[in-house]
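Below is one structure, written out as structure tokens; the observations come after it.
Read the numbers this way: they start at 1 and go in the same order the structure lists the ligands and their atoms. Worth knowing before you read on, the calculation uses all heavy atoms, side chains too, and leaves out hydrogens, waters and symmetry mates.
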Amino acid sequence: MSIDTTIVSVTTIEQIGQYAGQKVRLRGWLDTMRSSGKIRFLKLRDGTGRIQGVLTKNDAGEELFERTGHLGQESSLIVEGEVREDARAPGGYELLVSGVEIVHNAEGYPITPKDHGTDFLMDHRHLWIRSQRQHAILRVRAQVMRSISDWLDNHGFLRIDTPILTPSACEGTTTLFETKYFESSAFLSQSGQLYNEATAMAFGKVYAFGPTFRAEKSKTRRHLMEFWMVEPEMAFVDMWENMEIQEQMVSYVVQQCLQHRRRELELLERDLSKLEKIVPPFPRIHYDEAVQILRDKGVEFEWGGDFGGTDETVVSEQFDRPVFVHHFPAAVKAFYMKPDPDRPETVLGADLLAPEGYGEVIGGGQRLDDLALLEQRIAEHQLPTEAYAWYVDLRRYGSVPHSGFGLGVERTVTWVCGIEHVRETIAFPRTLYRLYP
Ligand code: NSS
């Protein structure tokens with residue numbers, strides 16, 4: 001036993017600054033090891049950070065020095081040593097190692113410090129999430145989700161989660177995942193919105209926050225089959241107030257990330273000055289203007305179409321803040337959107353496009369609150385009326401103007417982190433060709 005039995009504080013790398021000059025015990029994994037003569041440098045990680053341990057033959061003794069010579073990358077260890085302040089060390093401290101307990105000696109860890117291809121890394125996602133870059137991204141994700149909840153909780157929204165197994169579609173019938181439900185079948189939820197409309201009529205301001213599912217045959221850097229969405233819904237709120245709420249919430253989330261996850265964003269080499277600009281008000285442009293921008297930029301675009309990823313990129317690149325595009329054509333939007341009374345071929349909805357070409361992060365708008373019109377739209381969309389009977393009921397008993405929106409967590413995190421692809425923003429991404437691990 002190379003660890004002595006005197007009582008030594010067990011701590012984490014994140015907390016180690018409190019123990020400068022003292023002996024501590026760290027529990028973690030070996031990232032890399034480098035030896036030079038009678039000295040070994042062990043880079044340890046414990047989930048909260050990374051630190052360099054220095055082990056000398058003189059101080060540690062021959063036996064321990066030899067025993068640590070064959071440790072493989074990702075071996076799990078309990079390491080004891082004195083904490084030394086060192087301004088040159090990345091975290092400001094290093095550990096003078098005096099004892100090592102080898103919990104498990106790992107051999108042949110597949111992810112080495114050399115470059116690996118994305119497919120290889122995705123196949124090893126269960127191990128890849130141990131790397132520094134993935135840590136940074138997943139910590140930003142957690143911050144984004146926490147800040148969203150904080151903002152909504154502090155602004156009078158009640159969290160009410162909506163079902164995942166549902167009998168009906170919210171966002172069109174072509175992207176439903178169907179699953180057996182005893183003798184019948186059910187769909188995995190594409191959005192909690194329809195249920196949120198019921199809970200908003202019960203509680204006023206609500207939100208759902210959970211996973212949503214879309215069987216989208218899209219292999220783009222913005223699409224996942226399973227993604228997380230926060231969906232606020234508000235009674236007595238019109239499309240314009242809806243946008244004000246979105247810009248307040250999104251700005252808060254970005255500023256909180258800058259405050260609490262600066263180190264992670266720096267590790268990702270994010271241009272922080274771009275995020276510092278994310279403050280209200282966000283520009284608002286009519287769909288007509290967005291079409292004009294596309295044409296001015298040489299994109300052939302016909303009025304009436306929905307935006308593809310490239311169109312969103314072109315429009316959003318014109319602004320240094322997120323931009324709302326409102327009044328999309330009714331024909332390309334969902335059945336529940338309220339038509340503009342003055343121009344019924346357009347709807348009172350808006351998408352929010354993130355800057356730097358990131359594209360749509362929010363879809364939202366004002367809902368149809370008129371019973372007859374809603375029944376008509378359900379028929380036009382050839383949706384099964386029985387499955388929507390409860391939803392239609394909401395227009396029978398105390399119908400009010402109401403609005404809401406859905407913010408995609410992974411797209412937001414992709415933008416905040418300034419990375420290429422949504423697949424790194426969720427621990428285990430589900431993409432068109434990947435259900436493993
Ligand atoms: O289809 S949305 O635009 N809108 C809704 O689902 C509404 N029912 C939300 C609401 O008003 N309560 O999706 C909303 C957002 C969209 O802006 C993206 O950020 C995200 O959800 N989203 C996705 N993220 C990743 N992958 C996929 N496939 C995806 N689809 C939407």
Nearest non-hydrogen protein atom, [atom]:
atom                    : result
atom 1 (O) of ligand 1  : R214 NH1, 2.9 Å
atom 28 (N) of ligand 1 : E216 OE2, 2.6 Å
atom 31 (C) of ligand 1 : F227 CZ, 3.4 Å
atom 19 (O) of ligand 1 : V361 O, 2.9 Å
atom 7 (C) of ligand 1  : E171 OE2, 3.3 Å
atom 26 (N) of ligand 1 : L224 N, 3.0 Å
atom 16 (C) of ligand 1 : E360 OE2, 3.1 Å
atom 9 (C) of ligand 1  : E231 OE1, 3.3 Å

Quiz prompt | Set of salt bridge (Lys or Arg N to Asp or Glu O under 4.0 Å) partners for E276, sequence neighbours left out | solution =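 Counting only residues at least two positions away or on another chain, E276 forms a salt bridge (Lys or Arg N to Asp or Glu O under 4.0 Å) with R262.
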Quiz item: Hey, does the side chain of T313 reach the backbone of G357 with a donor-acceptor pair shorter than 3.5 angstrom?
Solution: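 Indeed, once roles are kept as given, a pair shorter than 3.5 Å links the two residues.
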Quiz item: For L275, does its backbone N or O pair with a side-chain atom of Q255 as donor and acceptor, under 3.5 Å?
Solution: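 Such a contact is found between Q255 side chain and L275 backbone.
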Quiz item: Quick one: do D153 and R159 make a salt bridge, cutoff under 4.0 Å?
Solution: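 No, no charged N to carboxylate O under 4.0 Å.
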Quiz item: Got a salt bridge between R222 and E410, using NZ or NE/NH1/NH2 to carboxylate O under 4.0 Å?
Solution: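 Salt bridge flag = no for E410 with R222.
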Short list, please: which atoms of ligand 1 are under 4.0 Å from a heavy atom of [X]?
X    : value
R222 : 25 (C), 26 (N)
Q193 : 7 (C), 8 (N), 10 (C), 11 (O), 12 (N)
Y336 : 7 (C), 8 (N)
G406 : 9 (C), 10 (C), 11 (O), 12 (N), 14 (C), 15 (C)
F405 : 10 (C), 11 (O), 12 (N)

Quiz item: Under the side chain to side chain contact (heavy atoms under 4.5 Å, CB included) test, which residues partner L432, sequence neighbours left out?
Solution: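 Partners of L432 under the side chain to side chain contact (heavy atoms under 4.5 Å, CB included) test: K217, K219, M225.
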Quiz prompt | Residue portion contacting ligand 1 (non-hydrogen atoms closer than 4.0 Å) for R411 | solution =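 Only the side chain of R411 comes within reach of ligand 1.
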Exercise. Answer yes or no for R377 and F335: cation-pi contact, defined as NZ/CZ to six-membered ring centre under 6.0 Å and angle to ring axis within 45°.
Key: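 Output no; distance or angle outside limits.
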Self-check item: Mutual orientation of the aromatic rings belonging to H124 and F120 [parallel < 30°, tilted 30-60°, perpendicular > 60°]
Solution: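 Judged by the thresholds at 30° and 60°, the geometry between H124 and F120 is tilted.
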Practice problem: Mind listing the closest non-hydrogen atom pair of S316 and A354 along with its distance? | Solution: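 Where S316 meets A354 most closely, the heavy atoms are CB-O, 3.0 Å.
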Quiz prompt | Side-chain donor-acceptor pair present, D296, Q292, cut-off under 3.5 Å | solution =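 Yes.
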Exercise. Taking the six-membered ring for Trp and the full ring for Phe, Tyr or His, determine whether the centres of Y287 and F307 are under 6.0 Å apart.
Key: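 Between F307 and Y287, which both carry aromatic rings, the centre distance is below 6.0 Å.
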Quiz item: Can you tell which of R367, E233, R430 gets a heavy atom nearest to atom 11 (O) of ligand 1?
Solution: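 Answer by nearest heavy atom: R367.
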Quiz item: Does I362 have a heavy atom less than 4.0 Å from any atom of ligand 1?
Solution: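 Yes; I362 lies near enough to ligand 1 that a heavy-atom distance drops under 4.0 Å.
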Quiz item: Any nitrogen or oxygen of G408, main chain or side chain, under 3.5 Å from a nitrogen or oxygen of ligand 1?
Solution: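 It does: an N or O of G408 is found under 3.5 Å from an N or O of ligand 1.
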